[in-house]
Amino acid sequence: MSEQINQFIKEVEEAKVLIENELSINLKFLDIQLALAEKLGYEPEDSTRTASHNLTAVQIFEMLIDFNFPRETETVILESSILPEDAIRRIDEQRIKSKGEIWVIYKYDKDPLPSNPHAHNEATGQKLDLSNGNLYDSKNNYLGTNISKKNLELLRGKVINISLPKLKI
C-alpha cells in the first residue's frame with residue numbers, strides 16, 4: 001500500500017510540474033489532488049482515494065489541463081476609497097475585512113442557505129449563517145462549529161446597505 005502511495009506522490013509531483021509549465025501557474029500538491037478528486041467524482045474529504053487509480057503523470061496532466069484551477073489573487077485594502085465621490089458603486093454586495101479575513105455578503109445571493117443573506121469567506125469558501133454564527137461548507141453542510149456571538153456582532157455591525165436576518169443567539 002505504501003508503495004502505491006509513494007508512486008502516486010511521484011506521479012502527482014511530475015504532473016504538477018507539467019501543468020504549471022503549461023498554464024504558467026503555481027500549484028500545490030493538494031491543488032492537484034483535489035482537482036483529481038473532482039474529476040473522478042469524489043468529495044474533497046475523500047480526495048485521498050485518488051491514489052487508488054494508479055494514474056501516470058501524463059494521464060493526470062491530460063485529465064487536468066483544462067481544469068479551472070483557482071488563480072492566485074491578492075486583495076489590497078485601502079483605508080479609504082480612491083474612487084471619485086460620484087462614482088457608481090455596487091449596493092448589492094459588501095466585502096468586510098474582519099480580523100484578517102475577508103467576508104463577502106451578496107444582497108441577492110442565488111443560494112438562500114444557510115441564512116438569507118449569508119457571508120462567504122474568500123479564503124476558505126465557508127459560509128457563515130448571519131443569524132446564529134454557524135459555519136457551513138460550500139455545499140451547506142454544517143461544520144459543527146460557529147463563530148462567537150461577539151465576532152458575529154462585530155461582523156454584522158460593519159454591514160451597511162444589506163438587511164440582515166434576525167439575530168438568534
Side-chain angles (χ1 to χ4, degrees), residues 16 19-20 22-50 60 63-169:
K16 181 171 109 37
I19 294 167
E20 287 177 332
E22 182 71 22
L23 300 179
S24 300
I25 61 174
N26 293 320
L27 297 170
K28 297 179 183 89
F29 182 93
L30 186 59
D31 295 328
I32 303 291
Q33 186 173 333
L34 291 172
L36 277 175
E38 186 174 321
K39 284 283 193 170
L40 295 169
Y42 296 121
E43 294 296 321
E45 57 271 14
D46 293 327
S47 65
T48 56
R49 296 178 67 192
T50 57
I60 294 169
M63 284 179 72
L64 300 181
I65 194 58
D66 294 327
F67 190 81
N68 187 21
F69 288 100
R71 301 292 179 154
E72 287 186 27
T73 60
E74 187 166 336
T75 300
V76 177
I77 307 293
L78 303 173
E79 288 187 29
S80 60
S81 176
I82 61 174
L83 293 174
E85 290 280 330
D86 58 347
I88 297 173
R89 303 177 195 286
R90 288 187 73 158
I91 60 170
D92 63 338
E93 171 184 311
Q94 187 167 352
R95 300 168 74 81
I96 299 170
K97 183 175 181 183
S98 180
K99 297 189 177 190
E101 296 178 350
I102 297 175
W103 293 89
V104 180
I105 302 169
Y106 301 99
K107 186 174 186 175
Y108 302 110
D109 198 325
K110 63 185 175 192
D111 176 12
L113 299 173
S115 64
N116 192 9
H118 54 269
H120 298 260
N121 184 292
E122 275 198 349
T124 66
Q126 294 175 343
K127 295 180 183 182
L128 172 64
D129 186 320
L130 292 170
S131 68
N132 59 22
N134 289 346
L135 289 169
Y136 296 80
D137 66 16
S138 61
K139 295 185 179 176
N140 297 325
N141 297 310
Y142 177 57
L143 296 173
T145 190
N146 60 340
I147 67 169
S148 70
K149 181 178 181 181
K150 178 183 171 187
N151 287 335
L152 179 60
E153 288 174 337
L154 173 72
L155 190 135
R156 287 174 58 106
K158 293 183 177 190
V159 178
I160 298 169
N161 293 317
I162 299 175
S163 296
L164 297 176
K166 184 177 179 180
L167 196 58
K168 297 178 183 174
I169 59 171

> If you round to the nearest 0.5 Å, how far is CG of Leu27 from CG of Leu64?
Replying inline: 9.0 Å
> For the atom pair OG (Ser138) and CG (Asn121), what is the distance rounded to the nearest 0.5 Å?
Replying inline: 12.0 Å
>> Strictly by salt bridge (charged side-chain N to carboxylate O under 4.0 Å, His left out), give each pair with a member in residues 34-44 just once, sequence neighbours left out.
In response: Glu43-Lys139
>> Strictly by salt bridge (charged side-chain N to carboxylate O under 4.0 Å, His left out), give each pair with a member in residues 125-136 just once, sequence neighbours left out.
In response: Asp111-Lys127
Are [X] and [Y] side-chain neighbours, meaning at least one heavy-atom pair lies under 4.5 Å?
X: Pro117; Y: Leu164; answer: yes
X: Asn146; Y: Asn132; answer: no
X: Ile32; Y: Thr50; answer: no

> Would Leu128 and Leu135 satisfy side-chain contact (heavy atoms from CB on, under 4.5 Å), going step by step from the backbone distance to the final call?
Replying inline: CA-CA 5 Å; Leu128 172 64; Leu135 289 169; 3.9 Å; yes
Taking [X] for the side chain and [Y] for the main chain, is one N or O donor matched with an acceptor at less than 3.5 Å?
X: Glu122; Y: Arg95; result: no
X: Ser47; Y: Gln33; result: no
X: Arg49; Y: Ala37; result: no
X: Gln94; Y: Ile160; result: yes
X: Lys158; Y: Lys97; result: yes

> Between His118 and Leu113, does a side-chain contact (heavy atoms from CB on, under 4.5 Å) hold up when you go through it step by step?
Replying inline: CA-CA 7 Å; His118 54 269; Leu113 299 173; 5.7 Å; no
For [X], check salt bridge (charged side-chain N to carboxylate O under 4.0 Å, His left out) against everything at least two apart and list the hits.
X: Lys166; value: none
X: Glu22; value: none
X: Asp46; value: none

> What residues, two or more places apart in sequence or in another chain, satisfy side-chain contact (heavy atoms from CB on, under 4.5 Å) together with Tyr142?
Replying inline: Asn134, Tyr136
>> Apply side-chain contact (heavy atoms from CB on, under 4.5 Å) to residues Glu153 and Leu167 and explain how you reach the verdict.
In response: CA-CA 9 Å; Glu153 288 174 337; Leu167 196 58; 3.7 Å; yes
